[in-house]
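The next block holds one structure in the form of structure tokens; read it before the comments.
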Amino acid sequence: MNRPHRGAAGSRSLGTMEVKSKFGAEFRRFSLERSKPGKFEEFYGLLQHVHKIPNVDVLVGYTDIHGDLLPINNDDNYHKAVSTANPLLRIFIQRKEDADYSAFGTDTMTRKKNVLSNVLRPDNHKKKPHIVISMPQDFRPVSSIIDVDILPETHRRVRLYKYGTDKPLGFYIRDGSSVRVTPHGLEKVPGIFISRLVP
């Protein structure tokens, strides 16, 4: 990662990108090399260093070209933020304990700017509804098919989740066999069956 660098005109010609980060009421500016932005952990450490908050757990977000405040918390969305920044990457940092998770979502930055104009001119046309984007730790697991791209259909495994309780799923399974009609007659095939259900 590059060290902080000034000069917008020179930075664009050298393939660097300017970053403007906000933590509380403080703004900091520095630059990154767009073609080698590094990893999210390095960027996270750089933000803590620049804002002089080395031991503070923070949430990092950026505004995309549509005015949405989106989280940066892994290498993938960090690289997406860097690749779509034009001409400036705007970063917003919040302490985790004070974080407003509802701030992430569609039109979040545009809505903040339009609050006063909506009060002064309430006849403005209706906007699309706000969509809240949760943080990954708030996502709940869902049932899924495992090995879908690796194993044939007859050997795939299924992972089942029951959300919000540690009780069993309510059914028992066992192996067995069934009969299938084929062009050559009846054929016995192995299978897995629900043997009984719990009310």
Side-chain angles (χ1 to χ4, degrees), residues 1 32-48 55-85 89 91-108 128-199:
M1 253 194 222
L32 293 173
E33 191 172 335
R34 191 183 291 268
S35 61
K36 297 178 189 171
K39 297 198 170 289
F40 168 69
E41 290 300 324
E42 296 168 350
F43 182 66
Y44 186 88
L46 178 60
L47 290 173
Q48 288 179 314
N55 298 318
V56 177
D57 285 333
V58 294
L59 285 178
V60 181
Y62 76 102
T63 53
D64 73 350
I65 57 172
H66 306 293
D68 300 339
L69 181 62
L70 303 175
I72 301 179
N73 51 18
N74 59 44
D75 290 341
D76 291 334
N77 53 27
Y78 169 54
H79 292 146
K80 177 70 172 174
V82 169
S83 66
T84 59
L89 178 59
I91 299 292
F92 295 88
I93 305 170
Q94 304 175 54
R95 290 179 189 269
K96 276 197 177 170
E97 63 263 17
D98 303 331
D100 177 14
Y101 291 91
S102 68
F104 294 103
T106 57
D107 294 329
T108 45
K128 62 182 176 183
H130 171 65
I131 299 171
V132 177
I133 300 174
S134 297
M135 298 302 291
Q137 61 266 26
D138 299 328
F139 294 171
R140 71 178 182 89
V142 295
S143 301
S144 58
I145 298 174
I146 309 170
D147 310 319
V148 71
D149 297 326
I150 303 168
L151 297 175
E153 189 176 335
T154 54
H155 292 86
R156 289 180 190 157
R157 296 177 295 168
V158 176
R159 179 178 289 140
L160 300 174
Y161 286 102
K162 188 168 183 181
Y163 183 69
T165 179
D166 57 357
K167 293 182 179 177
L169 289 169
F171 62 89
Y172 294 83
I173 61 172
R174 67 175 182 82
D175 63 345
S177 60
S178 67
V179 178
R180 177 170 65 180
V181 178
T182 67
H184 307 292
L186 296 178
E187 182 180 315
K188 203 171 187 180
V189 291
I192 297 174
F193 303 91
I194 295 175
S195 60
R196 69 188 173 101
L197 295 173
V198 176

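Numbers for residues simply follow the sequence, beginning at 1.
- For N77 against Y62, the heavy-atom pair with the smallest separation is O-CE2, 4.3 Å.
- Checked against salt bridge (charged side-chain N to carboxylate O under 4.0 Å, His left out), R157 has the following partners two or more places apart in sequence or in another chain: D147.
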TODO: With side-chain contact (heavy atoms from CB on, under 4.5 Å) as the test, would you mind laying out the steps for I93 and L59 before giving the verdict?
DONE: CA-CA 6 Å; I93 305 170; L59 285 178; over 6 Å; no
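- Of all non-hydrogen atoms in R95 and V56, the two that sit nearest each other are NH1-CG1, 3.4 Å.
- Atom CZ in F43 sits 4.0 Å away from atom CD1 in I91 (nearest 0.5 Å).
- Few gaps surround CG on L197; more than 12 heavy atoms of other groups in view lie less than 6.0 Å from it.
- I72 has its side chain out of reach of Y44: every pair of non-hydrogen atoms, C-beta onward, lies at least 4.5 Å apart.
- Between the side chain of H79 and the main chain of K39, no donor-acceptor pair closer than 3.5 Å is present.
- In this structure the side chain of Y172 reaches within 4.5 angstrom of the side chain of V198, judged on heavy atoms.
- When atom types are taken as modelled, the side chain of D68 and the backbone of L70 share no donor-acceptor pair closer than 3.5 angstrom.
- Taken from OH in Y78 to CG in N73, the straight-line distance is 13.5 Å, to the nearest 0.5 Å.
- One finds the CD atom of E42 at 12.0 Å from the CG atom of L47 (value rounded to the nearest 0.5 Å).
- Here the side chain of R174 pairs no donor or acceptor atom with the backbone of F193 at under 3.5 angstrom.
- Rounded to the nearest 0.5 angstrom, L186 CG and S178 OG are separated by 11.0 Å.
- Rounding to the nearest 0.5 angstrom, the gap separating the CD1 atom in I194 from the CD1 atom in I173 is 8.5 Å.
- Summarising the geometry of S83 relative to R34, their closest heavy-atom pair is O-NH1, 4.1 Å, with the distance given to 0.1 Å.
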